[in-house]
Colleague: 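Once you've had a glance at the structure underneath, I'll fire off some questions.
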Amino acid sequence: MNPESSGEPWFESIADMSAALASRQVSPVEIAEIMLDRVERLNIRLRAYITVTREHALRQARRAEKEIQSGAYRGPLHGIPLALKDNIATRGIRTSCASMVNPDWVPEYDATVWTRLSEAGAVLLGKTVLSEYAFGHHSAFPEPVNPWRHDRTAGNSSSGSAVGVATGMAFGALGSDTGGSGRYPAHVNGVVGFKPTYGRVSRRGVVPLSYSLDHVATLTRTVTDSAIMLQAIAGHDPQDEHSAVCPVPHFQAQLYRGIIGLKVGYARGYTFEDVDADIVSVTRNALDVLSGLGARIEEVHLPYVEHSVAVYTACSLPEAASVHRDRIRHAADRFGEVALQRLRLGSVIPATDYIHAQRMRQLMRDAFKNLFERFDVIVGPARATRAGYPDTSDPGAAATNLPDGRTLDTWRVAPEYSGIYNLVGAPAIVVPAGFSSEGTPLGLQFAGRWFDEPTVLRAAYGFEQATDWHLYRPPEPPMDV
Amino acid sequence: MSENPHVELDKVRALAEALRLEVPSTDLPALQRSLAEYVGRVSLLRLIDPVDCEPPVITYEQVYGDESGK
């Protein structure tokens, strides 16, 4: 397998396309039309989008074209076609949350993140497929197809955003990440998924799953593009009560400082034990790459991770049940089976468990704070598993049969690798790091201290630039998918 | 962590009724199963007593002390 350098415009990075737009080598309308045509051609086979906003996109593109031609260039997202997960409110545009509970909801307001991307000049191509309310599965909204292997999952829950970016149906996209929903799809689709610090990006207008765990995530093909998108959406929003009042650094400017002397920790157990053999190999190679770049690699113990499943469950499900309290009683028959079962469980978890788990998060947070005083970043697999089979199984199933023949505790996988950074609120990014023997992508995760996204991005960028995994593209899908 | 304690169906039904969840009787075994799974998961957690804890949101000031930036 070799990295593709097709030169196709839809696979350009945001950084390169914005340079072409700024210098007027291409026009926003021209690129919007190319992208819309590509979406029309591929979406019927890959199912990344629920709603394609052709007219809206062309209107925004014409406006961007006029502004750029008149010298009013807004910055690196001006005229760039993007996609939004369909739980992000968009004024006048259907926001379904991939649910039949309120499938034709047309918000009267924009989520803050979309307001900010619009102000940066971005063009909205459409709204992407997700799991029902970001945590279930509804047959009316089938999961996108993994473009690398059509019999494997495209990940949950921001799968449409990840597939769209991986296949050149968008230059970048937003997703949400409550327990890894932005980073897991990045892992299985071979793109970059970034969840910044809790509070760094407003969630106003992003339909909540679990208040204290929800984050907005970026999906891009490069780390630089993640920095560009984060720059546009970061910053205090008084309409999100958990939005942090803090300075917003220039994320892209700090990418290029190199990682010589960077203190990198890895947890041996979560990296090499009970982990897919191909992932062990990929992660070992990644540690060698980082070491070769001058990072100081040391083994660490990740505190309280063994409790992350219990704490995550006791926090997330009652919060989700609270969000959907009325719908559980009055519209239960319109939920998919997975979401409904989880919501009912969340409804009967005692308040004392919820409070106890929230207090446990304080212990976790303090322990990670100590850890990040000794290490700049923690690196490890994005997950212990490669892309499995699509998630249409029994929602109560406790085991997953893996493509490598092993059986894994389903409940364990997400919280221990991804959800732990939602529980403590620290920033974490997944970047392409290799492939399984079956040809499915595998990701590497970097996490860092709160509000220190620049260091997390810098470490990820150093690794990305020393490898070529971010340059591989999935094959064009055959017509019979 | 993964033991599966017995949760009686009658108690699950009574709990659902008390909370006015309106769970059809055909759906009760699924709730019984997931509740049993949950109880098994959190059993160890209950042995830990986190004292003097604050809300779990971390602030910029707690990390850097002020708002001067990096």
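Labels below follow one simple rule: chain letters A, B, ... track the order of the sequence lines, proteins then strands, and each chain is numbered from 1. Values below: every heavy atom of this structure, side chains too, minus hydrogens, waters and symmetry copies.
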Colleague: Rounded to the nearest 0.5 Å, how far apart are CG of A:Leu345 and CZ of B:Arg33?
Modeller: 12.0 Å
Colleague: For B:Leu31, is it the side chain, the backbone, both or neither that has a heavy atom under 4.5 Å from a heavy atom of chain A?
Modeller: side chain
Colleague: Which heavy atom in A:Arg344 sits nearest to a heavy atom in B:Pro24, and how many Å separate them?
Modeller: NH2-CD, 3.3 Å
Colleague: So which residue, A:Ala357, A:Ser347, A:Gly199, ends up with the most heavy-atom pairs under 4.5 Å with chain B?
Modeller: A:Ser347
Colleague: Under a 4.5 Å cutoff for heavy-atom pairs, which residue among A:Met364, A:Arg329, A:Arg325 has the most contacts with chain B?
Modeller: A:Arg329
Colleague: If you apply the rule side-chain contact (heavy atoms from CB on, under 4.5 Å), what do you find for A:Ile349 with B:Val42, and how did you get there?
Modeller: CA-CA 11 Å; A:Ile349 289 174; B:Val42 299; over 6 Å; no
Colleague: One pair to check against side-chain contact (heavy atoms from CB on, under 4.5 Å): B:Tyr38 and A:Val348. What are the steps and the verdict?
Modeller: CA-CA 10 Å; B:Tyr38 166 77; A:Val348 300; over 6 Å; no
Colleague: Give the minimum heavy-atom separation between A:Ala310 and B:Arg41, together with the two atoms involved.
Modeller: CB-O, 3.4 Å
Colleague: Is chain A contacted by the side chain of B:Leu15, its backbone, both, or neither, given a heavy-atom distance below 4.5 Å?
Modeller: side chain
Colleague: For A:Val311, which atoms come within 4.5 Å of any heavy atom of chain B: side chain, backbone, both, or neither?
Modeller: both
